[in-house]
Amino acid sequence: MESREDSTVEELVYDAGAVGGVVVRTGDGSREAIKARVVIGADGLNSVVARRLGVRTEHAPRRVAYTAHIADVQGVGDAGEMHVGRSGYVGLGPVGGGLTTVALVLPLAAVRVGGRDPRRDFFAELERFAGLAGRFDPRRLVRRVLVTGPFARWSRRSTADGALLVGDAADFFDPFTGQGIYAALRGAELAAEVVIPALAANGPVTAAALAPYRRARRRAFLGKWTLERLIGLGVGWPALAERVIERLARRPALADLLVGATGNFVPARAALRPGVLARLLV
Ligand SMILES: Cc1cc2nc3c(=O)[nH]c(=O)nc-3n(C[C@H](O)[C@H](O)[C@H](O)COP(=O)(O)OP(=O)(O)OC[C@H]3O[C@@H](n4cnc5c(N)ncnc54)[C@H](O)[C@@H]3O)c2cc1C
């Protein structure tokens, strides 16, 4: 096996109508075609493989994230924090060594108004959140602010003749529930279960041979997809978010259930029962 860290996939190569490899841009700027019986697109939110397959689609909510590492944030404990505001939210995650990863997520439409630049004014944007004001020292920024998004992109199909998609390349909705890494790793396991026998057989790796992967993804992720979309959309409605958070504060067992489902150690369907949804709102 050969791993290359200095090469970027730019195009897919087709052979008799099926994906038969990739064209990469190498570290020295030259292009090279690499043949493959199956191409696995694990290239994230902006997946070139998904775009070249023509299966990528985008939906609302269109949100973008500004993330940074900041040292010595006041009041950070062992647990992560989510702060939901009128327009957007902020996640804090202690990553060790006195560092906290800070992600500010805003609606794209709100970012595009008259001269607003959350990357430049990152700390001023954080100060707008009641629970964050005064907790950051801008001099303690240890990594520049990075921007990514918009989210809510997924692929209409995760398989094609000679190719399949995993992780964010297959599906990503919104970072609020923090399920992306689980989905990427579990999706890779599901892919391996289908790709290994498909490669062991002779001949081309067809979409039909890869179809069990698509079905397995649906079985594994349908509840997660539904839950993360419900939560992700709810976060965009401050009055609704406040109501749910107030219910969760009063009902710790309900909060545990929701955290368990978004943390993937409780089946998502347990949190999607009508009685549970009703108790979140009533
Ligand atoms: C602000 C924010 C906060 C998040 N917080 C959480 C969280 O708390 N918990 C959680 O589980 N998830 C979280 N996520 C989601 C999580 O980061 C992703 O779901 C996860 O990283 C997806 O993994 P992946 O391997 O599919 O894609 P990525 O991690 O994006 O990896 C894709 C890789 O492909 C490479 N690549 C891209 N294009 C090419 C190309 N053309 N050629 C070659 N290589 C290429 C990239 O360099 C990268 O190394 C968050 C996301 C965001 C934006």
Side-chain angles (χ1 to χ4, degrees), residues 2-13 19 21-27 29 31-34 36 39-53 56 61-70 79-84 88-95 100-108 111 118-119 122 125-126 143 145-155 158 163-192 217 221 224-225 227-228 231-232 235 259 261-265 268:
E2 187 188 332
S3 165
R4 295 197 192 177
E5 296 200 344
D6 64 345
S7 300
T8 306
V9 172
E10 290 190 342
E11 299 292 342
L12 297 178
V13 173
V19 177
V22 292
V23 174
V24 296
R25 175 82 59 184
T26 61
R31 294 180 102 209
E32 183 187 340
I34 300 173
V39 170
I40 298 178
D43 48 347
L45 190 65
N46 294 312
S47 173
V48 169
V49 177
R51 281 185 280 138
R52 296 292 181 265
L53 287 174
R56 210 60 172 150
R62 289 170 63 77
R63 294 182 181 137
V64 286
Y66 299 80
T67 67
H69 282 176
I70 305 173
E81 297 177 29
M82 295 302 284
H83 298 259
V84 181
Y89 62 86
V90 176
L92 303 189
V95 291
T100 300
T101 179
V102 180
L104 164 70
V105 179
L106 297 170
L108 185 60
V111 169
R119 191 175 198 175
F122 188 65
E125 294 279 352
L126 297 178
R143 195 198 66 192
V145 179
L146 303 175
V147 187
T148 184
F151 312 119
R153 290 188 213 179
W154 55 90
S155 297
S158 54
L164 64 74
L165 301 166
V166 293
D168 286 2
D171 172 274
F172 187 66
F173 185 68
D174 189 271
F176 191 87
T177 54
Q179 291 175 299
I181 296 171
Y182 167 81
L185 295 176
R186 182 72 191 119
E189 286 176 345
L190 298 176
R217 281 183 66 82
F221 298 143
K224 178 190 94 62
W225 288 332
L227 188 63
E228 75 178 2
I231 294 174
V235 165
V259 169
T262 55
N264 302 293
F265 55 88

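Read the numbers this way: they start at 1 and go in the same order the structure lists the ligands and their atoms.
Thr262 contributes no side-chain N or O that, together with a main-chain N or O of Gly178, makes up a donor-acceptor pair within less than 3.5 Å. Panel note: side chain Tyr89, backbone Phe176; a donor-acceptor pair is recorded below 3.5 Å.
Listed by chain and number, the residues in a salt bridge (charged side-chain N to carboxylate O under 4.0 Å, His left out) with Arg217 amount to none (sequence neighbours excluded).
Under the 3.5 Å distance criterion, with hydrogens and angles disregarded, a donor-acceptor pair is assigned to the side chains of Arg153 and Asn46.
Listed by chain and residue number, the protein contacts of ligand 1 are Ser7, Thr8, Val9, Ala42, Asp43, Gly44, Val48, Ala65, Thr67, Ala103, Thr148, Phe151, Gly167, Asp168, Phe172, Pro175, Gly178, Gln179, Gly180, Ile181, Ala184 (heavy atom within 4.0 angstrom).
Heavy atoms only, all atoms of each residue included: Leu227 and Ala261 are closest at CD2-CB, 3.6 Å.
By the 30° and 60° cut-offs, the orientation of the rings of Phe173 relative to Trp154 is tilted.
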